[in-house]
Amino acid sequence: MRSLYLILFLVATILSCNTKTNKKGTIIYGKINSAESGTVYLNEIDHFDNLNENFTIDSTAISKNGAFKFKRHNLNSKLVSISTEKFKPFTYQIYSTAPQTYFFGNCEKFFTSIPTFYISNEETININWTETKSIDSISSPDNSGALQVKLRDFYLNSNRIGKGKLDYDVKSDYKTYWEQMLIERDLDLKAVDRNNIKTENSFDNYVYSEIYLGHLNKYLNWFEQNFPDQVESLIKNPESDKFYSNIFQEYNMHQWNSKSLEYYKFTERYLNYHMNIRGKSFENYYKSTQDKRRVAETILSGKNKQRYLKLIDLRMNNDL
């Protein structure tokens, strides 16, 4: 009899634990206007995993009055999007087929044409969603999605990065431009609560990573395009002037948010820089090879090291 009671107690405990687990996570719900579809899809976006075909987390029906509600999912520190059509996240469509385009500037439409959320610890996200053919709009009637509205507004304005006194269509003194870029980057970073950026997966660290590395990526695009001779010289003799090499040291100066697109782009750029140093010649991109994998294994660290090595392996297999 004692054994029977013990078994019943263990079963009850397991069921209790399962119940508690099911209560954890985030529920996304709301109302959509102008929907031609009867279904909403919830997709995960992970730029370091852009060959993954299993990106759809869930789907749910849209009621006659436009209401929708997803089941509770563990979405903590995930970048997700919702859409009324089932298709690959935009960055997957590009980087899975043309990874060499990683260094192109940020396109705000990646994250504003459909609602895109970076979720930290929200229990619920309630939004009103107006679907359009170009850029969707969202609002949060109870403020549970206030951070997600803030993120959308950030991306809507992200194409102004570097649009202050800098004109990246003009060739000018690159060290003067660097100093001006730092000023403008600091101005943009005022939108971030610096007290929260030490937590890698926080919302503020996600935005911080996008802004900080977004400025670096944009500046390096301009510098490498306009000063090819200088770049070649700094690659062949990096000890002659630390200006270029110091920029890449920024890669290891902070715990960047792994879901940041700009972090993914800067990872590719960081790896390419080290490939260039070894080859003593500049290339924008190196295809995935065993040599590139060996360099990545040497210079990368942290949890994204294995994720990036897996991505290289998948690309090599796809090219066979």
Side-chain angles (χ1 to χ4, degrees), residues 44-50 52 75-81 89 91-92 94-95 99 101-108 110-111 116-121 147-148 150-151 154-155 158 161-162 178 181-182 184-221 223 244-275 285 292 295-312:
E44 181 176 0
I45 305 171
D46 186 343
H47 312 297
F48 282 90
D49 196 20
N50 57 58
N52 183 10
L75 303 176
N76 188 30
S77 74
K78 290 184 184 293
L79 185 67
V80 301
S81 64
T91 54
Y92 285 30
I94 294 175
Y95 297 132
T101 63
Y102 76 91
F103 59 89
F104 285 171
N106 182 30
C107 178
E108 71 278 4
F110 283 163
F111 306 110
T116 305
F117 309 143
Y118 180 80
I119 299 174
S120 48
N121 58 0
L147 287 180
Q148 312 311 328
K150 179 180 177 181
L151 185 66
F154 162 71
Y155 279 119
S158 62
I161 285 180
W178 172 259
M181 183 277 288
L182 295 179
E184 295 185 4
R185 186 178 67 189
D186 284 344
L187 288 173
D188 285 336
L189 287 173
K190 287 184 177 180
V192 178
D193 185 347
R194 299 288 189 99
N195 294 322
N196 296 329
I197 65 173
K198 291 183 180 180
T199 304
E200 180 189 353
N201 293 326
S202 69
F203 178 87
D204 283 294
N205 193 42
Y206 174 82
V207 179
Y208 180 84
S209 299
E210 289 284 86
I211 294 173
Y212 195 107
L213 296 178
H215 277 279
L216 285 186
N217 282 322
K218 191 172 184 68
Y219 178 86
L220 283 168
N221 284 348
F223 176 65
Y244 195 46
S245 61
N246 282 344
I247 296 176
F248 291 97
Q249 289 184 15
E250 299 265 7
Y251 187 81
N252 295 310
M253 297 295 287
H254 181 73
Q255 198 77 349
W256 306 109
N257 190 289
S258 63
K259 299 305 186 296
S260 162
L261 173 60
E262 297 296 340
Y263 177 55
Y264 167 75
K265 289 160 61 177
F266 200 63
T267 299
E268 283 283 10
R269 195 185 290 276
Y270 178 70
L271 181 55
N272 283 355
Y273 171 72
H274 284 276
M275 295 284 287
Y285 179 74
K292 184 175 181 178
V295 174
E297 198 163 19
T298 301
I299 67 168
L300 298 182
S301 61
K303 64 181 181 181
N304 287 325
K305 174 179 179 177
Q306 295 305 319
R307 297 168 70 216
Y308 188 82
L309 292 177
K310 180 182 177 182
L311 183 59
I312 288 183

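Note that the numbering runs from 1 along the sequence shown for the chain.
- Taking 4.0 Å as the cut-off between side-chain N and carboxylate O, Glu268 and Lys265 do not count as a salt-bridged pair.
- Within the structure, the salt bridge (Lys or Arg N to Asp or Glu O under 4.0 Å) test picks out the following pairs touching residues 195-206 (sequence neighbours left out): Glu200-Lys303.
- Side-chain N/O atoms of Asn304 and Tyr264 include no donor and acceptor closer than 3.5 Å.
- Residues forming a side-chain contact (heavy atoms from CB on, under 4.5 Å) with Asp46 (at least two apart in sequence, or on another chain): Phe48, Asp49, Tyr92, Lys259, Arg307.
- Two residues are said to be in side-chain contact when any heavy atoms from C-beta on lie closer than 4.5 Å; Ile45 and Phe110 fail this criterion.
- Between the side chains of Glu250 and Tyr212, at least one donor-acceptor pair of N or O atoms lies under 3.5 Å.
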Ring pair (Phe, Tyr, Trp, His ring centres under 6.0 Å), that's the test. Do Phe111 and Phe154 meet it? Break it down for me.
CA-CA 10 Å; Phe111 306 110; Phe154 162 71; 9.0 Å; no
Hey, mind stepping through Leu182 and Arg185 against side chain to side chain contact (heavy atoms under 4.5 Å, CB included) and telling me if it holds?
CA-CA 5 Å; Leu182 295 179; Arg185 186 178 67 189; 3.2 Å; yes
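- Using a 4.5 Å heavy-atom cutoff, the side chains of Phe266 and Leu220 are in contact.
- For the residue pair Glu210 / Tyr155, a side-chain donor-acceptor distance below 3.5 Å is found, with atom types taken as modelled.
- For the pairing with Glu262, the side-chain hydrogen bond (donor to acceptor under 3.5 Å, both in side chains) check across Asn257, Thr267, Asn217 returns one residue only, Asn217.
- One N or O on the side chain of Ser202 and one on the backbone of Asn205 form a donor-acceptor pair closer than 3.5 Å.
- Taking the six-membered ring for Trp and thresholds of 30 and 60 degrees, Tyr208 and His254 have ring planes inclined between 30 and 60 degrees apart.
- Considering His274, Lys305, Met275 as possible partners of Ile299, the one that fulfils the side chain to side chain contact (heavy atoms under 4.5 Å, CB included) test is His274.
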